[in-house]
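We name chains A, B, ... by the order of the sequence lines, and we start the count at 1 in each one. Excluded from the calculations below are hydrogen atoms, water molecules and symmetry mates; all remaining heavy atoms, backbone and side chain alike, are included.
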Amino acid sequence: MLDQKLIRENPKSVEENLSLRGKLYDIPQIHKLTINKKEIDVEISDLQSESKKLSKLIGQEISKSQSNNSEELINLKKKGNEYRNKISKLEERQRILEQEINSQILNLPNFPSKDAPIGKDESHNIEVKTWGDPLKKEDLKSHWEIGESLNLFDSIKSTKISKSRFITLIGNGAKLERALINFMLDMHTKNGYLELIPPALVNSESLTGSGQLPKFSNESFKCSNDDLWLSPTAEVPLTAFHKNEIIDPKRLPIKYVAYSPCFRREAGSYGRDTRGLIRLHQFNKVELYWFCDPSESIEAHKKITSDAENILRQLNLPYRIVDICTGDLGFSSSRTFDLEVWLPSSKCYREISSCSNCLDFQARRSSIRTKIEKKNTYLHTLNGSGLAIGRTMAAILENGQQTDGSVKIPDALVPYFGSNFLKTA
RNA sequence: GGAGAGGUGGCUGAGUGGUCGAAAGCGAACGACUCGAAAUCGUUUAAUAGGAAACUAUUCGUGGGUUCGAAUCCCACCCUCUCCGCCA
């Protein structure tokens, strides 16, 4: 959430900053509302002050005179009543304005960072680094072909259970999924992250706090009888974990790693990635999350990205890092580095992790602060996948495929998986 | 799901219509004493919004209501605890 005061006092700069995203936002409109509300705030405060003084006076008079319906008292009460009427009328207007302003501000995305490349869409994203040698050969199988031949998962049967875009992992497929989760959690906890397993269902307030609501209600599954949603990413419960808190600066940075299932409706993606493990309504993910001092978030962003990268290196999967341009940035993010893993069958890099610096955007929405020189200050939050499990499995299957149809398991994963190769049973 | 109890500052906990943003204690900070410390004594110690400041307003789970005036009375909701039921 953007700072209401900033919009009131500096609407031009807000508008300029947001325009980098390549969309129009009606800041003058909101600006007018905030000015209007401010006037009413002052007016109400003045009237309340008067009314409070009067009430005290009445109290004093009553205790002095013993009787409580002298003519003087009746007049004073009448005056008090007038105050009350005036105030409640103003408060009504204040409430409406507040709601209007709030709903508009909650729909404004974060400011893009000055360092993010300027551009309209993903074609303007910048590749900043590549690692490893992308496997380029003809006759390479897709991961879903490999999965089928090695009987690792079944999507057809899963449509009976649920619908399309769900998967059932089978035998070694299930075991590989489990191995990947454990491997990643171990790597990150050794590296200073505290492990959390948060609830998979989250309430509306939590989704609003991290930026999924109100704008993207279409992208999450909602429970019909409760104010609960299936969490689309552990970023949501992790942000909400410290909602409405003032965190001792000595505790910062706080670094969490969380395994969680993630649920996404994938509305509007009909026909894309319909096969395999790339785009599912339910997938597992290990998520990294930082709460840090505002002065340290740029460094933290580099660190969280390299912590995610570390997993890809350990697994020996070729990847690249992409600096997301202003027009392609997610709603809550000011700067994002995507990690993209090489998928030989489609001869391209696919996103496997998105590492974002949200600055104080989520912290303000969720009211998470720290003390800096005795002043309460919104801290900064960062998140990054470390990594998406399904896509990692897809990458291992495709990059590790052998001519005999088996798949080589990356060395670092062998202790977790229990053997060097995936073969037909 | 049923019955009961309760939600007050960093914590414990008093407060059932008036000067209560809230006693007392604990904790914390600072000062005195001390070579230093402990103990003791003294002072200070909630947040938010606005304001350069003085100060003003709001906040006793949340939202409404009654009243000149609400932590206190009324209504709705949320949450926690205990007991019963059900259950992995």
* Worked verdict on Asn316(A) versus Asp411(A) for side chain to side chain contact (heavy atoms under 4.5 Å, CB included) -> CA-CA 9 Å; Asn316(A) 203 27; Asp411(A) 292 342; over 6 Å; no
Taking the six-membered ring for Trp, are [X] and [Y] ring centroids under 6.0 Å apart?
X: Phe361(A); Y: Tyr378(A); answer: no
X: Phe221(A); Y: Phe263(A); answer: no
X: Tyr193(A); Y: Tyr289(A); answer: no

Could you work out the separation of [N] and [M] based on their [atom1] atoms and round it to a whole Å?
N: rA53(B); M: rG17(B); atom1: C1'; result: 36 Å
N: rG10(B); M: rA46(B); atom1: C1'; result: 9 Å
N: rG50(B); M: rG61(B); atom1: P; result: 25 Å
N: rA37(B); M: rA24(B); atom1: C1'; result: 29 Å
N: rU58(B); M: rG51(B); atom1: C1'; result: 16 Å
N: rU16(B); M: rA23(B); atom1: C1'; result: 16 Å
N: rU66(B); M: rA14(B); atom1: C1'; result: 27 Å
N: rU8(B); M: rC68(B); atom1: C1'; result: 26 Å

* Starting at NZ of Lys243(A) and ending at P of rU62(B), how long is that distance when rounded to a whole Å? -> 15 Å
* Structure fact -> When rounded to whole Å, the CD to P distance for the pair Glu61(A) and rU19(B) reads 15 Å
Under 3.5 Å, side-chain donor or acceptor atoms of residues 35-51 of chain A against the rest of the protein: list the pairs with distances, not counting sequence neighbours.
unit_1: Lys37(A); atom_1: NZ; unit_2: Asp41(A); atom_2: OD2; d: 3.0
unit_1: Lys37(A); atom_1: NZ; unit_2: Glu98(A); atom_2: OE1; d: 3.1
unit_1: Asp41(A); atom_1: OD1; unit_2: Gln94(A); atom_2: NE2; d: 2.7

Return yes when atom [atom1] of [X] has more than 12 non-hydrogen atoms of other residues, nucleotides or ligands closer than 6.0 Å, and no otherwise.
X: Ile298(A); atom1: CD1; result: no
X: Ile156(A); atom1: CD1; result: no
X: Lys79(A); atom1: NZ; result: no

* For Lys141(A), which residues count as a salt bridge (charged side-chain N to carboxylate O under 4.0 Å, His left out) partner, sequence neighbours excluded? -> none
* Structure fact -> Sorted by chain and residue number, the salt bridge (charged side-chain N to carboxylate O under 4.0 Å, His left out) partners of Arg279(A) (sequence neighbours excluded) come out as Glu266(A), Asp273(A)
* Assign Glu82(A) to base, sugar-phosphate, or nothing according to its heavy-atom contacts below 4.0 angstrom with the strands shown. => nothing
* Runs of at least three consecutive pairs that involve RNA chain B, where pairs are Watson-Crick or G-U with distances under 3.5 Å -> B:1-7 with B:78-84, B:10-12 with B:24-26, B:27-32 with B:40-45, B:46-50 with B:55-59, B:61-65 with B:73-77
* Asked: Are Lys175(A) and Phe417(A) in a cation-pi contact, defined as NZ or CZ under 6.0 Å from the six-membered ring centre and within 45° of the axis?
  -> yes
* Take nucleotides 63-75 of chain B nucleotide by nucleotide from the 5' end and write B, S or -, depending on whether a protein heavy atom sits under 4.0 Å from the base, only from the sugar-phosphate, or from neither. => -S--BBS------
* Asked: For every nucleotide of nucleotides 46-60 of chain B, 5' to 3': is a protein heavy atom under 4.0 Å from its base (B), only from its sugar-phosphate (S), or from neither (-)?
  -> -SS-SS----SSS--
